[in-house]
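Worksheet: one structure, shown below.
For the numbers below, each heavy atom of this structure counts, side chains included, while hydrogens, waters and symmetry mates do not. Along the sequence shown, residues are numbered consecutively beginning with 1. Values in this document were obtained by computation on a predicted structure and should not be read as measured data.
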Amino acid sequence: MTAVHGPPGTGAPRKVLLDCDPGHDDAFAITLAAGSPAIELVAITTVAGNQTVDKTTRNACVMCTLLGLADTPVVAGCEGPLIRALRTAPEFHGPSGLDGPRPVEPRVVPTPGHAVDRIVDTVLASPGEITLVATGPLTNVAMALRKAPAIAGAVREVVIMGGSYSRGNVTPAAEFNIYVDPEAARVVFEAPWRLTMMGLDLTHQATFTDVEERRLEQIGTTLSRFLIDLMRYFKNAYRSAAGMEDPPVHDPCAVAYVIDPTLFEVAGAHVEVETNGLWASGMTVTDFKAAGPGPGRVDVGTELDRPGFWDLVISAVERIGEVPVSTSPTGGVEP
Ligand code: BDR
Ligand code: CA
């Protein structure tokens with residue numbers, strides 16, 4: 001494999017549109033994007049995945065409330081995959097999609113409109129400037145490509161959390177985000193744009209251990225306590241549903257790559273998404289020996305500088321600091 005290192009983020013903040021399905025690890029992705037000076041978070045769009053889209057949208061609004069993101073639009077998107085029935089992941093994220101912490105009443109409300117239009121309009125309005133980060137099933141992104149193929153030439157780059165080159169987590173072959181909507185993933189992987197895939201081989205290196213919990217504890221803000229409670233739930237879920245000691249925090253890896261690509265090794269590959277398989281539906285079939293320059297070429301994350309990654313996330317939480325909240329009469333917290 002050829003290791004490819006890009007330069008660390010310098011200059012003006014990168015404009016990022018984050019398409020997500022919060023989700024415990026999506027919550028960390030939003031936090032990292034919100035708390036990094038290297039990123040200007042221009043919009044959050046939501047999709048059905050870890051939970052139904054009404055819940056993932058509400059959860060995005062909860063995160064914006066905790067992060068003090070009053071002006072970042074949250075726009076709801078597709079209610080289900082292009083063709084298949086929706087599969088959610090309550091075994092990892094609970095019935096709400098964000099189980100664990102005491103409930104937070106969102107003070108941020110969704111912005112009217114549809115995520116697909118928001119993606120198209122945002123990308124076309126700023127040619128060459130928008131980085132699209134997707135951390136859920138790729139339904140919205142595929143629909144945006146179908147609605148306006150010109151976004152492929154107008155986007156700066158696309159970074160996804162999804163797929164794997166060695167193993168799946170829903171089936172032996174398929175990772176959740178790709179498994180849920182393989183047809184959408186295929187559209188995204190075949191589009192003529194610069195695509196980076198942070199799959200399980202990479203994200204399983206981003207484990208949340210007691211060390212990170214202690215670092216968050218030391219910050220001592222409402223946000224850090226919320227994130228700890230999320231991770232305690234996620235840890236138990238991963239232990240019982242996946243037999244893993246410490247949970248991998250997948251989604252912020254895609255955001256971290258935009259902030260500082262030097263924390264990652266990536267290798268070029270040709271990737272095809274299996275959409276017909278009886279046993280391997282949703283598999284990202286990855287051939288590192290066949291990376292060409294054209295469609296199907298993907299930069300695939302292989303190695304993570306784990307300490308550097310957690311330093312980025314922890315600094316983002318520190319930078320956000322205390323966002324004023326008060327205890328609600330029902331026992332939750334509200335700003
Ligand atoms: C992916 O699936 C979801 O459950 C997580 O949020 C992450 O995006 C990991 O397979
Ligand atoms: Ca996700």
Side-chain angles (χ1 to χ4, degrees), residues 6-23 25-47 56-57 59-61 63-64 66-77 108 111 113 115-136 138 140-141 144-145 151-162 177 188 191 193-198 203 206 249-264 266 299 301 309 312-313 315-317 319-320:
T10 49
R14 291 273 294 270
K15 292 183 181 175
V16 167
L17 187 153
L18 178 57
D19 186 73
C20 57
D21 63 336
D25 52 334
D26 301 82
F28 273 74
I30 299 170
T31 300
L32 178 56
S36 169
I39 285 184
E40 178 190 342
L41 186 56
V42 296
I44 297 169
T45 53
T46 57
V47 68
T56 60
T57 305
N59 294 340
C61 291
M63 289 314 301
C64 287
L66 286 164
L67 294 164
L69 291 181
D71 299 326
T72 306
V74 175
V75 187
V108 171
T111 299
V116 172
D117 297 319
R118 192 78 188 199
I119 293 170
V120 169
D121 295 347
T122 305
V123 170
L124 294 183
S126 302
E129 286 186 22
I130 304 296
T131 296
L132 184 52
V133 176
T135 62
L138 292 164
N140 288 339
V141 183
L145 272 167
I151 66 169
V155 82
R156 177 165 172 169
E157 65 172 311
V158 180
V159 183
I160 67 157
M161 187 283 131
N177 289 338
V188 170
W193 55 18
R194 185 174 163 202
L195 177 65
T196 301
M197 166 176 128
M198 291 298 160
T203 65
V249 188
H250 309 275
D251 293 338
C253 293
V255 176
Y257 181 70
V258 177
I259 298 169
D260 187 357
T262 67
L263 297 175
F264 297 80
V266 300
D299 285 327
F309 166 76
L312 269 192
V313 176
S315 321
V317 179
R319 199 170 288 111
I320 289 158

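- At a threshold of 4.5 Å between non-hydrogen side-chain atoms, the residues I259 and I39 count as touching.
- Among all heavy-atom pairs drawn from M63 and A27, the shortest one is SD-CB, 3.7 Å.
- Counting all heavy atoms, side chain and backbone alike, T45 lies closest to A115 at CB-CB, 3.6 Å.
- R319 meets the salt bridge (Lys or Arg N to Asp or Glu O under 4.0 Å) test with no other residue; sequence neighbours excluded.
- One distance of note links CD1 of I130 with CG of L17; it measures 7.0 Å at 0.5 Å rounding.
- For the pair D19 and T46, the tightest heavy-atom approach, listed with the atom from each and the gap, is OD1-N, 4.2 Å.
- Note that the OG1 atom of T135 and the CG atom of L18 stand 5.0 Å from one another [nearest 0.5 Å].
- Atom OG1 of T56 and atom CG of D21 lie 6.5 Å apart (nearest 0.5 Å).
- Note that the CG atom of L41 and the SG atom of C64 stand 7.5 Å from one another [nearest 0.5 Å].
- Taking CD1 of I160 as the start and OH of Y257 as the end, the distance is 12.5 Å to the nearest 0.5 Å.
- T196 places no side-chain N or O within donor-acceptor distance of the main-chain N or O of V159, the cut-off being under 3.5 Å.
- With hydrogens and angles ignored, the 3.5 Å screen pairs no side-chain donor or acceptor of D26 with any backbone N or O of G136.
- A256 and F264 make their closest contact through C-CE1, 3.7 Å (heavy atoms, listed as atom of the first residue, atom of the second, distance).
- Annotation: side chain of T111 is in contact with side chain of R118 (closest heavy-atom distance under 4.5 Å).
- Considering all non-hydrogen atoms of both residues, V141 and L132 come closest at CG1-CD2, 3.9 Å.
- In terms of the side chain to side chain contact (heavy atoms under 4.5 Å, CB included) criterion, residue partners of A316 (sequence neighbours excluded) are, by chain and number, L32.
- Of the inter-residue distances, the one linking I30 atom CD1 with L67 atom CG reads 7.5 Å to the nearest 0.5 angstrom.
- In this structure, the salt bridge (Lys or Arg N to Asp or Glu O under 4.0 Å) partners of E129, at least two apart in sequence or on a different chain, are K15.
- Using a 4.5 Å heavy-atom threshold, the side chains of L69 and V108 count as separate.
- Taking all atoms of both residues into account, the shortest heavy-atom contact from M161 to A254 is N-CB, 4.1 Å.
- In this structure, a donor-acceptor pair under 3.5 Å is present between the side chains of T131 and R14.
- Looking only at side-chain heavy atoms (C-beta outward), S36 and L312 stay at 4.5 Å or farther from each other.
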